[in-house]
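Taking it in order: structure first as structure tokens, then the write-up.
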Amino acid sequence: YLIKFSRSGQPLHHGCDGGGWVGDEPGPNRATFYAGESPDDPSRGRHYVAMLRHFRSGLSRIREEGKEPVTRGILWMQGEQDSKPETAAREYAQSLKSLKVRLQEDLECGVVPLVFGQVLGHEPPAPRFRYRDEIRAAMARAHMLSTAPEAIEGAWMVSTDALPVMTVQRGTEQDLVHFTASGQLAL
């Protein structure tokens with residue numbers, strides 16, 4: 001089974017709130033995937049809480065069918081909003097590690113692989129993703145085979161540079177962050 005959750009274009013970093021930067025410190029009720037420091041952390045993002053509820057519901061439905069689900073891994077595709085504020089882009093590896101650790105604990109699934117797609121490789125870059133190079137570098141450092149101190153055990157980065165994307169007009173900009181159906185399947 002694949003349990004999928006989506007909130008298009010939403011941030012991971014605790015300093016964001018939806019599309020805006022609100023500061024370096026975590027805060028309650030923000031529109032983020034920030035997982036918090038513990039299950040009762042009041043700063044856990046609304047999207048993380050909703051995603052966790054969705055995952056737990058999916059696992060419960062599988063159990064109701066008489067099966068015993070075993071979580072084999074986590075797939076993660078996100079990062080556009082985190083490329084807008086410099087701090088979120090530079091700290092993306094730490095945010096990703098926190099997400100992996102919290103999900104493993106909150107889902108009580110033990111240590112599982114996290115596979116994530118590297119974002120924003122498509123040319124030309126949209127100007128609103130000001131820190132594209134920084135977030136991509138942070139993602140590369142998070143890959144478990146990197147030699148960086150931020151390397152996350154069990155985290156695998158997948159390059160998305162060759163995957164086909166849709167061209168969506170956003171005002172005067174062309175948005176190249178949404179994969180076509182074949183791009184999504186390849187991912």
Side-chain angles (χ1 to χ4, degrees), residues 4-56 74-107 112 114-122 125-144 146 148-160 168 170-171 173 175-179:
K4 182 179 178 181
F5 183 85
S6 65
R7 285 284 189 275
S8 182
Q10 294 299 305
L12 175 58
H13 194 278
H14 64 265
C16 296
D17 187 9
W21 179 253
V22 292
D24 290 326
E25 296 301 318
N29 204 32
R30 292 185 182 164
T32 71
F33 283 102
Y34 175 60
E37 298 294 321
S38 66
D40 57 352
D41 187 337
S43 297
R44 293 184 343 157
R46 291 192 322 258
H47 301 323
Y48 180 80
V49 171
M51 179 178 68
L52 186 60
R53 187 180 319 114
H54 182 76
F55 288 167
R56 287 176 171 159
I74 302 163
L75 307 173
W76 187 253
M77 187 65 225
Q78 182 273 344
E80 293 89 2
Q81 287 296 337
D82 289 277
S83 71
K84 292 178 179 179
E86 184 176 12
T87 300
R90 291 189 187 281
E91 294 179 359
Y92 195 82
Q94 294 94 319
S95 295
L96 199 59
K97 182 176 184 177
S98 174
L99 176 77
K100 182 180 187 300
V101 168
R102 288 283 355 116
L103 272 174
Q104 290 171 166
E105 291 177 9
D106 288 342
L107 293 173
V112 296
L114 168 72
V115 178
F116 65 98
Q118 191 178 34
V119 299
L120 303 169
H122 307 289
R128 70 184 182 281
F129 303 123
R130 295 179 57 198
Y131 299 100
R132 177 183 83 144
D133 294 341
E134 289 82 354
I135 197 165
R136 287 173 60 82
M139 289 175 154
R141 290 191 308 271
H143 187 352
M144 72 176 285
S146 82
E150 298 97 333
I152 303 167
E153 184 177 347
W156 291 86
M157 183 185 76
V158 175
S159 173
T160 59
V168 178
R170 290 180 52 100
E173 291 183 21
D175 190 345
L176 298 171
V177 299
H178 300 285
F179 297 106

Atom [atom1] in [X], atom [atom2] in [Y]: separation rounded to 0.5 Å?
X: Arg90; Y: Glu150; atom1: CZ; atom2: CD; value: 11.5 Å
X: Thr32; Y: His13; atom1: OG1; atom2: NE2; value: 10.0 Å
X: Cys16; Y: Trp21; atom1: SG; atom2: CH2; value: 5.5 Å
X: Lys100; Y: Ser95; atom1: NZ; atom2: OG; value: 15.5 Å
X: Met157; Y: His143; atom1: CE; atom2: NE2; value: 6.0 Å
X: Tyr48; Y: Asp41; atom1: OH; atom2: CG; value: 10.5 Å

For residues [X] and [Y], determine if any side-chain heavy atom of one lies less than 4.5 Å from a side-chain heavy atom of the other.
X: Lys84; Y: Arg128; value: yes
X: Leu114; Y: Leu96; value: yes
X: Val158; Y: Gln118; value: no
X: Phe55; Y: Leu103; value: yes
X: Ser43; Y: Tyr34; value: yes
X: Met77; Y: Phe116; value: no
X: Pro85; Y: Thr87; value: no

[X] side chain to [Y] main-chain N or O, any donor-acceptor pair under 3.5 Å?
X: Arg141; Y: Ala148; value: no
X: Asp17; Y: Arg30; value: no
X: His14; Y: Asp24; value: yes
X: Arg136; Y: Val119; value: yes
X: Glu134; Y: Glu86; value: no
X: Thr160; Y: Gly117; value: no
X: Gln81; Y: Gly9; value: yes

Where [X] and [Y] come nearest, the two heavy atoms and their spacing:
X: Pro11; Y: Asp82; value: CA-OD2, 3.3 Å
X: Ala151; Y: Ser146; value: CB-OG, 3.5 Å
X: Ala93; Y: Ala142; value: CB-CB, 3.9 Å
X: Gly36; Y: Ser98; value: O-OG, 4.0 Å

- Message: For Phe5 and His54, take the angle between the two ring planes, folded into 0 to 90°, and tell me which bin it lands in: parallel under 30, tilted 30 to 60, perpendicular over 60.
- Response: tilted
inquiry  = Once you measure the plane-to-plane angle for Trp76 and Phe33, does it fall in the parallel (<30°), tilted (30-60°) or perpendicular (>60°) bin?
reply    = perpendicular
**Q.** Over 12 foreign heavy atoms within 6.0 Å of CZ, Arg130
**A.** no
- Task: Answer yes or no: is there an ion pair linking Asp106 with Arg44, defined by an N-O contact shorter than 4.0 Å?
- Result: yes
*Verify side chain to side chain contact (heavy atoms under 4.5 Å, CB included) between Ile152 and Met144, making sure each step is shown before the conclusion.*
CA-CA 5 Å; Ile152 303 167; Met144 72 176 285; 5.8 Å; no
*Does a donor on one side chain and an acceptor on the other come within less than 3.5 Å for Gln78 and Tyr92?*
yes
